Chemist: 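Supplied in structure tokens, the structure appears directly below.
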Amino acid sequence: MKRILIADDHEAVRSGLRAVLKQRADWEVVAEANDGSKALTAAIESRPHVAIVDFSMPRMTGLEVARRIREYPLQTEVLIFTVHNSGLLAQQAFEAGARAFLVKSDASRLLMTAVDALLAHKQFCTERCRNELNGGSGCIAERHPGLTPREQIVVKLVAEGYSNKGISAILNLSVKTTEAHRAAAMRKLDVSSTAGLVRYAVRAQLVEA
């Protein structure tokens, strides 16, 4: 049996994942967690083959869970699961040690394919995600050398219309930290307004016009 861990702070999401995964008789959900800290503990105790971890959870982000799993190390492949389709988030997920990145809206269609890839120790990312990661002159981080990866994500989310509070919830940051990243990006880009950040995000292809 292939052991799978599910970590998401919403029971409805975990239930939906269980419903998809149970279609395979040789897969078993051996543990669940509703925050990042519990997810890491569950991974250490149950040693699953695959951990499906929400990007944004209380107490510890999915990225930190992935990093810690790699540090132990556990023979667990990590799939970062998120509502946000973003090459920037995918890049951070892979840098943290995850091997798969999946948007929640694609779960019913692609979750089993992603888990199969992980069980074969292969990377999984949708074509849309790969295009954003590798479009233009290459890696997104290399196309925006003046901004840190976190600042790039904040700029992208600002351009998509999210408030500081909304961005903080997505990235599991304090509002003060989000404001600091936003201010740093504005200083580096020499813009003085949200409109300026949006214009930059469109020019830099962080968002579509």
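Note that the structure is a prediction, hence the values are computed from the model and not measured.
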Chemist: Is it true that Arg14 and Glu11 have a side-chain N and a carboxylate O under 4.0 angstrom from each other?
Modeler: yes
Chemist: Does a side-chain heavy-atom distance below 4.5 Å link Leu110 with Leu102?
Modeler: yes
Chemist: How long is the gap from CD1 on Ile167 to CD on Glu160, to the nearest 0.5 Å?
Modeler: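 Reported to 0.5 Å precision, the distance equals 9.0 Å.
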Chemist: Can you see whether Arg182 engages Thr194 through a side-chain donor-acceptor pair at a distance of less than 3.5 angstrom?
Modeler: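 Arg182 vs Thr194: donor-acceptor pair found between side chains.
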Chemist: Would you check if Val53 and Phe81 make a side-chain contact, meaning some heavy-atom pair closer than 4.5 Å?
Modeler: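 They are not in contact (no side-chain heavy atoms under 4.5 Å apart), so the answer is no.
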Chemist: Got a sec: does the CG of Asp26 have more than 12 other heavy atoms crowding it under 6.0 Å?
Modeler: yes
Chemist: State, with a plain yes or no, whether a side-chain heavy atom of Arg99 is found less than 4.5 Å away from one of Phe94.
Modeler: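 Answer no - side chains too far apart.
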Chemist: Do Lys104 and Asp8 meet the salt-bridge criterion of a basic N to acidic O distance under 4.0 Å?
Modeler: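 A salt bridge links Asp8 with Lys104.
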Chemist: How about Asp54 and Val13: do any of their side-chain heavy atoms sit closer than 4.5 Å?
Modeler: no
Chemist: A side-chain contact here means heavy atoms from C-beta on lying under 4.5 Å apart; do Ile80 and Val65 qualify?
Modeler: no
Chemist: Quick one: does Ile44's side chain get under 4.5 Å of Ile69's, heavy atoms only?
Modeler: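 A side-chain contact is absent here, since even the closest heavy-atom pair is not under 4.5 Å.
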Chemist: Can you tell me how far the OG1 atom of Thr178 sits from the CD atom of Glu151, to the nearest 0.5 Å?
Modeler: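 Output value for this atom pair is 12.0 Å.
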Chemist: Is there a path from Ile52 to Val29 through hydrophobic residues (I, L, V, M, F, W, Y) whose side chains come within less than 4.5 Å of each other?
Modeler: yes
Chemist: For the CG atom of Leu74 and the CZ atom of Arg47, what is their distance to the nearest 0.5 Å?
Modeler: 5.0 Å
Chemist: If two hydrophobic side chains count as joined below 4.5 Å and joins carry through other members, does Leu111 share a cluster with Phe55?
Modeler: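 In one cluster with Leu111: Phe55, no.
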Chemist: Going by an N to O cut-off under 4.0 Å, is there a salt bridge joining Lys22 and Glu28?
Modeler: no
Chemist: Please determine whether a side-chain nitrogen of the Lys or Arg among Asp116 and Arg24 lies less than 4.0 Å from a carboxylate oxygen of the Asp or Glu.
Modeler: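 Salt bridge present between Asp116 and Arg24.
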Chemist: Is there a path of hydrophobic side-chain contacts, each under 4.5 Å between heavy atoms of I, L, V, M, F, W or Y residues, that connects Leu119 with Leu5?
Modeler: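 In one cluster: no.
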Chemist: Does a donor on one side chain and an acceptor on the other come within less than 3.5 Å for Glu77 and His49?
Modeler: no
Chemist: Is there a chain of hydrophobic side chains (I, L, V, M, F, W, Y, each step under 4.5 Å between heavy atoms) that links Val115 to Val103?
Modeler: no
Chemist: Taking 4.0 angstrom as the limit, do Glu71 and Arg67 come out as a salt bridge?
Modeler: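 No.
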Chemist: Is any side-chain heavy atom of Phe101 closer than 4.5 Å to one of Leu79?
Modeler: no
